[in-house]
Amino acid sequence: MAHDQYTFLDPVTRFDKVEPPKQHQPEPGLDSELDPRADLGEDSYRGSGRLAGRKALITGADSGIGAAVAIAFAREGADVALSYLPSEQSDAERIAALVRDAGREAHLLPGDISTAEASRTLVADAVEKLGGLDTLVNNAGKQVFCEKLEDLTDEAFDQTMKTNVYAMFWITKAALPHLPAGSSIINTTSVQAYKPSPVLVDYATTKAAINTFTKATAAQLAERGIRVNAVAPGPVWTVLQVTDGQPQEKITSFGHDTPLGRAGQPAEMAPAYVFLASAESSYVVGETLNANGGIPTP
Ligand code: NAD
Ligand code: MG
């Protein structure tokens, strides 16, 4: 077992500086082919019953941040429904096995959530398989860079909106009738909401929308005992970056310009989601928890 997340270590060197070779995969890519492999906490995350008996639906749970969250949630005692695209079946099966190794249920729910119907079906299936729902992590995302606005097609803009914003809306709306008081919804925004890259106009716009959707729904749902919060990762080493999330030349120094001087690992994002899912954050509502290596945010 590697050092668990509670081990007192220097955050600068806790994880290696990622200096990956140039690489490219077609969307949505496979975590299993990322070089070097991302650290999802497989060998390190130590649970302590913080989510005992909980029932969680996580989108984009096959890889990267969502997969790290699925592993952490299971080790904290939650059963997990995993949403992902059909082409990611092999990644999803690996994560499901880790959830089951933790002694929890894993339910595999492949599908494209960029339509309302598929989003509603996903929630219905998750509720049926889990026997209820009290935790929703909206984490699936699309990020494809484009240098010039004139080259950003209407279709690409629309698909980024559908995946990042509309699916979150559809899934949250469908989940609401099932969520008892005490439930937690956690959305995944980004440092891009505050510091947009010139080549990520559509993506950064969705992340600002996710932040505001989080605060508005949090204000509305608080009286029902449903807490809505967000996590805003900085540069985290995932397959999203090598599936045209960044221009190739940026990949080799990905995250080097953060105050910590390195990219984050998905394993470092999971504890933020655990905190916001757990009842220990009962007075935290409408918050965006930045986990970005020190990049200043408003
Ligand atoms: P990832 O590629 O591992 O995860 C993204 C997942 O989204 C994919 O695995 C896929 O299953 C899912 N997805 C995409 N389109 C979908 C669709 N149409 N239907 C169903 N599922 C779909 O990459 P990641 O970096 O772990 O991304 C997770 C989230 O974190 C995203 O919302 C991303 O915007 C956000 N984020 C990532 C970073 C970073 O640097 N990696 C930084 C800030 C925010
Ligand atoms: Mg994936």
Side-chain angles (χ1 to χ4, degrees), residues 18 25-34 37-40 57-70 82-95 108-115 118-119 121-122 137-144 158-168 170-171 186-197 200 202-211 230-246 250-251 254-255 258 262-270 272-273 288-293 295 297:
V18 183
Q25 293 186 44
E27 268 189 288
L30 285 176
D31 235 356
S32 57
E33 288 173 15
L34 190 62
R37 294 294 297 272
D39 191 325
L40 308 181
L57 168 60
I58 304 169
T59 65
D62 59 294
S63 59
I65 296 166
V69 172
L82 299 90
S83 157
Y84 53 95
L85 285 162
S87 67
E88 301 174 303
Q89 186 68 23
S90 58
D91 275 352
E93 282 175 9
R94 184 173 87 88
I95 304 309
L108 292 171
L109 302 174
D112 181 341
I113 60 173
S114 65
T115 69
S119 291
T121 301
L122 169 66
V137 177
N138 288 306
N139 166 76
K142 181 179 177 70
Q143 174 185 335
V144 176
D158 191 47
Q159 191 60 23
T160 305
M161 288 287 159
K162 290 268 165 55
T163 307
N164 298 7
V165 179
Y166 280 66
M168 171 184 66
W170 291 320
I171 291 170
I186 307 160
N187 300 321
T188 304
T189 173
S190 169
V191 67
Q192 288 287 327
Y194 315 112
K195 252 194 122 202
S197 298
L200 293 175
D202 54 342
Y203 176 82
T205 301
T206 68
K207 293 298 169 179
I210 292 167
N211 240 350
V231 176
V236 178
W237 181 237
T238 70
V239 74
L240 196 69
Q241 306 304 336
V242 306
T243 50
D244 289 322
Q246 302 284 338
K250 289 217 174 156
I251 288 171
F254 183 66
T258 60
R262 63 170 178 83
Q265 289 290 340
E268 297 179 281
M269 302 297 113
Y273 290 81
T288 298
L289 207 170
N290 294 286
N292 67 21
I295 302 166
T297 57

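One-based numbering, in listed order, for ligands and for the atoms of each.
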From the Mg ion (ligand 2) out to just under 2.8 Å, does an N/O/S atom of [X] turn up?
X	value
Tyr84	no
Asp62	yes
Glu88	yes

Show your working on side chain to side chain contact (heavy atoms under 4.5 Å, CB included) between Phe254 and Val236 and close with a plain yes or no. CA-CA 8 Å; Phe254 183 66; Val236 178; 5.5 Å; no
Walk me through it: do Thr288 and Thr297 pass the test side chain to side chain contact (heavy atoms under 4.5 Å, CB included)? CA-CA 10 Å; Thr288 298; Thr297 57; over 6 Å; no
Please determine whether any non-hydrogen atom of [X] lies less than 4.0 Å from an atom of ligand 1.
X	value
Met269	no
Glu88	yes
Tyr203	yes
Gln192	no
Asp91	no
Gly111	yes

Please say whether [X] places an N or O atom under 3.5 Å from an N or O atom belonging to ligand 1.
X	result
Ser63	yes
Ser190	no
Lys142	no
Val236	yes
Gly66	no

Is the contact between [X] and ligand 1 made by the side chain, the backbone, both, or neither, using heavy atoms and a 4.0 Å cut-off?
X	answer
Thr59	neither
Asp112	both
Gln241	side chain
Pro233	both
Leu240	both
Lys207	side chain

I'd like to know if the side chain of [X] reaches the main chain of [Y], judged simply by a donor and an acceptor atom lying under 3.5 Å from each other, with no hydrogens or angles considered.
X	Y	result
Gln241	Thr238	no
Glu88	Asp62	no
Ser119	Ile113	yes
Gln192	Ser197	yes
Arg37	Asp31	yes
Gln143	Gly245	yes
Asn139	Gly60	yes

Which atoms of ligand 1 are found less than 4.0 Å from any heavy atom of [X]?
X	result
Val239	2 (O), 3 (O)
Pro235	40 (O)
Thr163	15 (N), 16 (C)

Let me see the working for Met161 and Thr205 under side chain to side chain contact (heavy atoms under 4.5 Å, CB included), right down to the final yes or no. CA-CA 9 Å; Met161 288 287 159; Thr205 301; 3.9 Å; yes
Option nearest [atom] (shortest heavy-atom distance, choices [options]):
atom	options	result
atom 14 (C) of ligand 1	Gly141, Pro28, Ser87, Gly60	Gly141
atom 31 (C) of ligand 1	Leu30, Asn139, Leu122	Asn139
atom 24 (P) of ligand 1	Val242, Ile210, Thr238, Leu85	Thr238
atom 38 (C) of ligand 1	Gly234, Ala167, Ala92	Gly234

For atom OH of Tyr166, is the number of surrounding heavy atoms from other residues, nucleotides or ligands below 6.0 Å larger than 12?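 No.
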Taking it one step at a time, do Ser63 and Leu30 satisfy side chain to side chain contact (heavy atoms under 4.5 Å, CB included)? CA-CA 8 Å; Ser63 59; Leu30 285 176; over 6 Å; no
Closest non-hydrogen atom pair between Asn164 and Ala140, with its separation: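 Here Asn164 and Ala140 meet closest at OD1-O, 4.4 Å.
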Which of these passes side chain to side chain contact (heavy atoms under 4.5 Å, CB included) with Lys142: Leu240, Thr163, Thr206?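 Exactly one candidate clears the test, Thr163.
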Examine the side chains of Thr188 and Tyr273 and answer whether a donor and an acceptor come within less than 3.5 Å of each other.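 Indeed, the side chains of Thr188 and Tyr273 share at least one donor-acceptor pair under 3.5 Å.
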